[in-house]
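Numbered from 1 within each chain, the chains take letters A, B, ... in sequence-line order. If you're wondering where the values come from, they're calculated on a predicted model, not measured in any experiment.
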Amino acid sequence: MDKQKKQWLELMAQAVDKAAQAKGLESADYTSRIVVEHPPRPEMGDLAFPMFPFAKDFKTAPPVIAQAVVEALGAGLPGTAKTMGPYVNVFLDRAALIEDLIKDCASEEYGKSDLLSGQKIMVEFSCPNTNKPLHLGHLRNDAIGESISRILIASGAEVQKVNLINNRGVHICKSMLAYQRFGNGVTPESSGIKGDHLVGDFYVKFNQWSKEDDTAEAQAQDMLIKWEEGDKEVVALWELMNKWTIDGISETYKNTNISFDRYYYESNTYLSGRDEVVKGLEAGVFYKDEDGSIRLDLSEIGMDTKVMLRSDGTSVYMTQDLGTAIARHGDFPFDRLIYVVGAEQEYHFQVLFHALKKLGYSWADMLFHLSYGMVNLPEGKMKSREGTVVDADDLLKQLSEMAADEIRSKDRAEAVGDVEETGRKIALAALHYFLLQVSPYKDMIFNPKESLSFNGNTGPYLQYMSARISSMLEKFEERKGEFEGVSPDYSVMNSDAEWELVKALSSFPAAVRSAANDLNPSAVAAHLYDTAKSFSRFYHDCPILGSDDKVVTVTRIELAGAALQVLKKGFELVNIPFLSKM
RNA sequence: GCGUCCAUAGCUCAGCUGGAUAGAGCGCCGGACUUCGAAUCCGUAGGUCGCAGGUUCGAAUCCUGCUGGGCGUACCA
């Protein structure tokens with residue numbers, strides 16, 4: 001479609017120019033003012049060129065201009081042009097376009113572009129704490145980070161996905177302390193509890209205990225100091241429990257098809273961050289406050305001051321993020337670093353970017369905070385105190401079981417083979433689609449009940465459509481002999497349903513491009529739904545294997561195959577597993 | 001208070017750099033399985049695009065103000 005669209009833009013520009021000359025107007029820059037649109041209804045054509053922008057220059061009503069432009073277009077066009085009131089609408093040469101499209105869809109390159117070729121982009125996401133397991137908020141973060149990365153790669157960028165493990169601080173010591181007191185040497189192996197959940201249980205236990213014992217908080221602080229001093233016993237416990245958590249979280253990543261090219265650890269970067277702050281102090285970028293803390297003056301960007309290093313010399317979050325950013329640029333000299341982090345940290349990143357700039361790092365301008373909104377529940381916010389936090393593993397398990405039940409209840413168990421594994425893949429589709437449908441910057445409401453529904457505008461719906469195409473193609477393969485020597489004729493596809501599907505398929509590259517530009521996977525998600533829906537309509541309206549015209553069968557099967565290709569490619573971008581059977 | 005983001009159907013969300021009658025899904029009501037997989041399809045009902053101005057031939061979209069909400073404004077992360 002792109003090819004013909006470009007062609008028409010060109011033709012239209014010439015025509016408008018010609019019409020202007022005929023009117024005796026001086027040649028103005030009309031071509032740059034031409035816009036292409038899509039008519040609201042299919043019977044109105046495929047492309048629409050509004051004539052409003054020229055009314056003033058022409059001193060003529062748009063419908064009259066439209067008339068003149070159509071005349072100026074002349075004959076011998078790839079399709080037909082008609083006036084529709086103030087618009088010039090174009091009906092494309094469908095057969096030629098469909099033939100091109102089907103060829104394009106079969107290519108590995110379809111949907112890919114060189115939009116960002118030559119660019120090195122680092123994407124940071126997930127960044128868990130090592131004192132508890134992942135929750136629903138992380139799942140949104142992971143889904144966005146992973147999907148954005150894949151979209152950027154498809155757009156030609158060299159992408160490095162990185163994770164920052166927040167493994168130090170008082171909150172970490174809290175679960176350690178509770179373990180020391182109440183753990184009795186329990187391990188993930190001895191208890192059968194996944195490591196991150198086991199550690200999380202002790203974090204909860206600490207909070208219960210601290211209500212009864214007001215020395216608890218102070219003890220945790222003491223432990224942090226011991227940790228910073230390198231106390232052997234504390235460090236050993238820290239290493240042990242960190243490993244449990246990270247192993248557990250890694251399992252969740254594996255289950256959700258999330259991966260990283262490189263890990264950073266706060267326990268490493270906070271020290272280098274501290275050095276940077278000291279250097280910055282010497283260079284006069286930071287200053288020592290009366291209270292002994294080292295601060296950055298933010299009056300330049302209309303803010304107050306920010307602590308870079310505490311008065312007791314210990315690090316704050318900002319300290320280590322400075323160190324991390326600098327280390328990263330050394331490891332991978334990026335053209336862009338995208339931090340996928342919640343909107344509640346916007347202030348933090350404003351300060352961080354400013355601090356790096358003041359420190360003289362020219363690449364500070366290449367940092368970008370991809371700020372995403374909160375995930376709330378129908379009852380309101382998730383609150384750990386009220387136990388309303390939705391645990392990532394629990395949710396996945398629940399979704400998987402629901403999907404497996406669905407398979408069994410539909411008597412698909414035998415056809416599917418591994419019911420559990422298929423259920424898991426359906427669960428992932430449901431989850432990722434649900435999370436990515438919404439624009440990242442917006443808050444969203446996660447309705448657990450609704451997310452368990454596999455009907456309507458959902459990930460499983462997309463999978464279902466691709467599974468149907470797959471089984472149809474399989475059947476076609478079995479009967480291939482019947483169609484020997486029959487070649488497709490694209491002019492037989494003249495129904496609305498077929499054309500709608502063609503249009504959906506041809507807009508896939510544009511959807512990917514838009515997602516890459518806006519760093520917004522929902523553009524791809526929406527396009528996938530549009531494609532699946534169009535296919536569904538096509539499948540319903542147009543007999544394929546059931547047609548008694550072999551040419552029609554062969555031609556439509558090609559279109560169905562093209563739809564499957566596009567769905568598969570799109571699935572990859574939003575992390576939805578493809579299933580040939582479900 | 002200041003900063004920032006959001007407000008579209010009963011609910012959850014789309015709506016590309018302004019363009020023709022604002023779209024989905026869920027839910028409601030009603031249809032379609034002896035036929036390529038009914039996890040499907042089709043139809044009905046449902047909107048003053050928060051309010052008020054402005055820019056424009058033309059505004060859900062851009063600008064200003066207002067109202068309501070989220071988030072932030074830590075020597076927390």
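Across all strands shown, A24(B) forms a Watson-Crick or G-U wobble pair with U12(B), both key distances being under 3.5 Å.
Taking only distance into account, the side chain of Asp291(A) meets the base of C75(B) through a donor-acceptor pair shorter than 3.5 Å. Side-chain N/O atoms of Ser311(A) and base N/O atoms of C75(B) include a donor-acceptor pair closer than 3.5 Å. At a cut-off of 3.5 angstrom, the base of A77(B) holds no donor-acceptor pair with the side chain of Asp321(A).
Between Tyr464(A) and A39(B) there is a side-chain polar atom (N or O) within less than 4.0 angstrom of OP1 or OP2. For C41(B), the OP1/OP2 oxygens have a side-chain nitrogen or oxygen of Ser536(A) closer than 4.0 Å. Proximity of Tyr539(A) to the phosphate of G37(B): a side-chain N or O atom is located under 4.0 Å from OP1 or OP2. Close to G58(B), at under 4.0 Å from its OP1 or OP2, lies no side-chain N or O of Lys56(A). Contact annotation: Tyr461(A) side-chain N/O to C41(B) OP1/OP2 distance is under 4.0 Å. Residue Lys442(A) places at least one side-chain N or O under 4.0 Å from the OP1 or OP2 atom of A7(B). When the side-chain nitrogen and oxygen atoms of Lys410(A) are compared with OP1 and OP2 of A38(B), none of them lie within a distance under 4.0 Å.
Within 6.0 Å of the CD atom in Glu414(A), the count of heavy atoms belonging to other residues, nucleotides or ligands does not exceed 12.
No hydrogens or angles considered: a donor-acceptor pair under 3.5 Å links the side chains of Asp46(A) and Trp499(A).
Nucleotides C6(B) and C13(B), compared at atom C1', are 14 Å apart to the nearest Å.
As judged by a 4.0 angstrom heavy-atom cut-off over every strand, Ala510(A) is placed among residues making no nucleic acid contact.
Distance CD (Glu346(A)) to C1' (U73(B)): 12 Å, rounded to an integer number of Å. In this structure, the CZ atom of Phe434(A) is 16 Å from the P atom of G25(B), given to the nearest Å.
Classified by its glycosidic torsion, C49(B) falls in the anti category, the angle being over 90° from 0.
Contact of the Ile249(A) side chain with the Pro133(A) side chain is not registered, since no non-hydrogen atoms from C-beta on lie closer than 4.5 Å.
The listed nucleotides are G37(B), A39(B), G72(B); the one nearest the side chain of Arg468(A) is G37(B).
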